[in-house]
Chemist: 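The structure under discussion is supplied below as structure tokens; questions concerning it will follow.
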2 protein chains.
Amino acid sequence: VLPPTSRKLTRYEAKRHNRRLVLRTIYQAGEISRADIARATGLTRTTSSSAVADLMEEGLVEELGQGPSAGGKPPTILHVAQDARHVAGVDLGGLTLRGAVFDLRGSVCHQATVPLNTGDGNHVLDLVLDLLDRLVELADRPLLGIGVGLPGLIDVSQGIVHQAVNLGWRQLPLMDLLAQRYHLPIGLVNDSQAAALAEYTFANPDRVRDLAVILIKRGISAGLIFNGLLHHGTSRSGASEIGHVRVVEDGELCACGHRGCLETVASQRAVLHMAQDIYDSHPQSSLRQFAAASTSVDMDAVLRALEAGDPLLASMVEGVGRYLGIAAANLVSVANVPLVVLAGSVARFGNPLVEVVGREMRDRSLASLAEQVQVRVSELGDDIVMKGAAAAMLASELGVV
Amino acid sequence: VLPPTSRKLTRYEAKRHNRRLVLRTIYQAGEISRADIARATGLTRTTSSSAVADLMEEGLVEELGQGPSAGGKPPTILHVAQDARHVAGVDLGGLTLRGAVFDLRGSVCHQATVPLNTGDGNHVLDLVLDLLDRLVELADRPLLGIGVGLPGLIDVSQGIVHQAVNLGWRQLPLMDLLAQRYHLPIGLVNDSQAAALAEYTFANPDRVRDLAVILIKRGISAGLIFNGLLHHGTSRSGASEIGHVRVVEDGELCACGHRGCLETVASQRAVLHMAQDIYDSHPQSSLRQFAAASTSVDMDAVLRALEAGDPLLASMVEGVGRYLGIAAANLVSVANVPLVVLAGSVARFGNPLVEVVGREMRDRSLASLAEQVQVRVSELGDDIVMKGAAAAMLASELGVV
């Protein structure tokens, strides 16, 4: 016998559905009248006004004042009370565990960080709990929930981390653990998928419905949004594992066991290795001005030397961009998205990188397709993953995203 | 103001929705009782039985007899009357225009072909109308509609062929043209998307919900099914244009203007070129047995020589498989699908091809991901595109797919 593919809603479910629909309509419109809500949702005036009344009672929606009259009585304008609830989001993908408390529009209200100074899974878990304790303490509005973004293989529905190498975790039932401690809704999200959700929700003025975000940090993977929804593949990671596609024949050995993976030539690690080589073998490189020693070549030093016009670093960025352009060409040719966003530490190279990636992408795929694709760097910076983890909770708890 | 994202159904729409839901439930179950339909759909017994009565009156559903009793009265078993309606599907992607009349399970009832002996768009349109006239004439049940599969850039919703090079068409409002002539529902589908739909609908015993079909004929492109639905990208073709991803640096010039595209080394044209070279320069090749002259080297001759164990052809297939393996690695890494199906004339190479494609795919992508991916050749053969075009009409007109 089949699973139910669709079924009638109970009265309670219908009411909840209408409330979410009305809230999403107000959230996405910004400011809107009761009459326009009814028009946009297709609900009757009575049903939509009753949902508005519920939402106002919960404090989620407020009256903003009178709008312009269209002849008769001027309409009352509603908006979402941005500060009615808070939501916590954390990013466990870096050498610093980062988290923040956000309002309903994704603005940071409070922040906290904890250095990741161990590779021992149990100890890492203590650090994460420490970070979350502080965030929960900092929140001064009711918390909708906690979103956790991390690199690795995650079972989103069960809330289990199958494997997260950088955190030393295997088969960790993180969702249950956190739910028991905080008595709040918890969501786990792969970090590149969180990045895609953040870009879609908070940095999408054109309301593009399909996009890809390539997250380039210690690893490289991509998150895809199709028709406004996160694409979950059937593998356990969920994300698009483009970091392990071969881009160099007989290339360097990757941690995954294969040779010539994209991560071996375009990840932050690869970039820092190349920069270190430049530091060591080219005394004239401007890197010497910005890094005190070979061992202290970091992304900040590399960026400053690049901005100072160092030709060796410029050609390094050109090389990285060419490899990322292969990935962009694959993404566009397979997924047929109109927008590719670069995010993560390596995306800090900005326009010089974007230009090469775009050129290579157009060169390596059908012209009529690639010409219509925009490539850009995310403006969300280091906050992108924790913002996306928060957006996942706004989606699951309020349905506004 | 927003477009309505969801709205209440009118009574008529609700009734139609229920009827489609019940029909799909019976179609997918094969044989099912009224009680199990209610259970599977979540509809009340009254609502679902009333939908069944409507469907029986339309002749779409029949009673099959009594099922085993679960204690009380033995239940009456229902099934879809496979022959209650016909649907036409055509494939305009080859040197022969092919079409068939199918029953509701995709079995061929009648067939027709017309040789594509011209490149002039107006003349080609006459040939297509000739083919369709014959199919409409052949159908001996009420026709649900006509599905048209073709390679090229199509606006599916408007039914306009923006560009179909092999048919000499540009900006052709084909859907309106055919609707006016036949007074039937018409659907246009990109041919690789049709292939994906056919595979999903008619050759999917495991009920896989996500898959990719690589269609390798004169061109190469892929159709993707995500969660049971065709993925339409935002470009006008809809399909995944993997045939124009560069797989050979500084390779041969492609018709698209770029160099080293997959189509230059793995399409039917590329295969026949290579085989012709083998014929010309290797008198000992078994191709000489199966092709009367260099100019008559066709896919049949190549296949026979391959089966006869010709080592030159075996290594040619190995090379083609390696290039297709690059495409498969990209597909799997980006789209995260558990199944890649090869279809079209080049897929006739069968297992020798599948083995190389699978090996290369696993070699060029994350092992833990690729290990779980199955690669196989479609069993639908040359019928795959016209079957998929028919499936598109079953989906749009009956909602059963």
Side-chain angles (χ1 to χ4, degrees), chain A residues 1-8 17 21 24-25 28-29 32 36 39-44 47 153 208-210 212 222 224 226 231-246 256-258 261 326 329-338 363-369 372, chain B residues 1-8 17 21 24-25 28-29 32 36 39-44 47 153 208-210 212 222 224 226 231-246 256-258 261 326 329-338 363-369 372:
Chain A
V1 179
L2 294 168
T5 47
S6 167
R7 54 196 185 72
K8 274 175 72 173
H17 170 82
L21 176 60
R24 181 167 68 236
T25 304
Q28 292 182 351
I32 190 171
D36 284 340
R39 249 189 296 276
T41 57
L43 297 172
T44 63
T47 307
L153 306 181
V208 170
R209 303 279 299 162
D210 299 76
L224 301 174
F226 294 145
H231 173 64
H232 292 289
T234 44
S235 85
R236 290 185 301 185
S237 101
S240 297
E241 295 293 351
I242 60 169
H244 297 281
V245 168
R246 192 193 297 166
C256 80
H258 287 158
C261 299
I326 298 178
N330 290 340
L331 264 175
V332 163
S333 300
V334 171
N336 213 336
V337 285
D363 235 38
R364 292 175 166 277
S365 54
L366 191 65
S368 63
L369 174 76
Q372 313 200 9
Chain B
V1 181
L2 295 167
T5 47
S6 166
R7 54 197 185 74
K8 274 175 72 173
H17 171 80
L21 176 60
R24 180 167 69 235
T25 305
Q28 292 182 351
I32 189 169
D36 284 340
R39 250 189 296 276
T41 56
L43 298 171
T44 63
T47 307
L153 307 181
V208 170
R209 303 279 297 163
D210 299 77
L224 301 174
F226 293 145
H231 173 63
H232 291 289
T234 45
S235 85
R236 290 186 300 185
S237 99
S240 296
E241 295 292 351
I242 60 169
H244 297 282
V245 167
R246 192 192 299 166
C256 79
H258 286 158
C261 298
I326 298 178
N330 290 339
L331 264 176
V332 163
S333 300
V334 170
N336 214 335
V337 286
D363 235 38
R364 293 176 165 276
S365 53
L366 191 65
S368 62
L369 174 76
Q372 313 201 9

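Hydrogens, waters and symmetry mates are skipped; everything else that's a heavy atom, side chains included, is used. Numbered from 1 within each chain, the chains take letters A, B, ... in sequence-line order.
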Chemist: What part of A:Val245 is in contact with chain B, defined as an atom under 4.5 angstrom from a non-hydrogen atom: side chain, backbone, both or neither?
Modeler: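 For A:Val245, backbone and side chain are both near chain B.
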Chemist: I'd like to know if the side chain of A:His258 and the backbone of B:Arg364 have a donor-acceptor N/O pair within less than 3.5 Å.
Modeler: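 Checking the backbone N and O of B:Arg364 against the side chain of A:His258, no donor-acceptor pair under 3.5 Å is found.
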Chemist: As a test of understanding, state which of A:Ile242, A:Asn330, A:Leu331 forms a side chain to side chain contact (heavy atoms under 4.5 Å, CB included) with B:Asn330.
Modeler: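 Filter result, single survivor: A:Asn330.
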Chemist: Which atoms of A:Ala335 are under 4.5 Å from chain B, going by heavy atoms: the side chain, the backbone, both sets, or neither?
Modeler: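 Both backbone and side chain.
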Chemist: Looking only at heavy atoms and a cut-off of under 4.5 Å, which of A:Ser333, A:Gly257, A:Ala212 has the most pairs with chain B?
Modeler: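 The option with the most such pairs is A:Ser333.
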Chemist: Rounded to the nearest 0.5 Å, what separates atom CG in B:Asp210 from atom NE2 in A:His231?
Modeler: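 Here the interatomic distance stands at 6.5 Å.
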Chemist: Just jot down the side chain to side chain contact (heavy atoms under 4.5 Å, CB included) partners of A:His244, sequence neighbours excluded, or say none.
Modeler: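 For A:His244 the side chain to side chain contact (heavy atoms under 4.5 Å, CB included) partners, ignoring immediate neighbours, are A:Glu241, A:Cys254, A:Cys256, A:Cys261, A:Glu263, B:Leu366.
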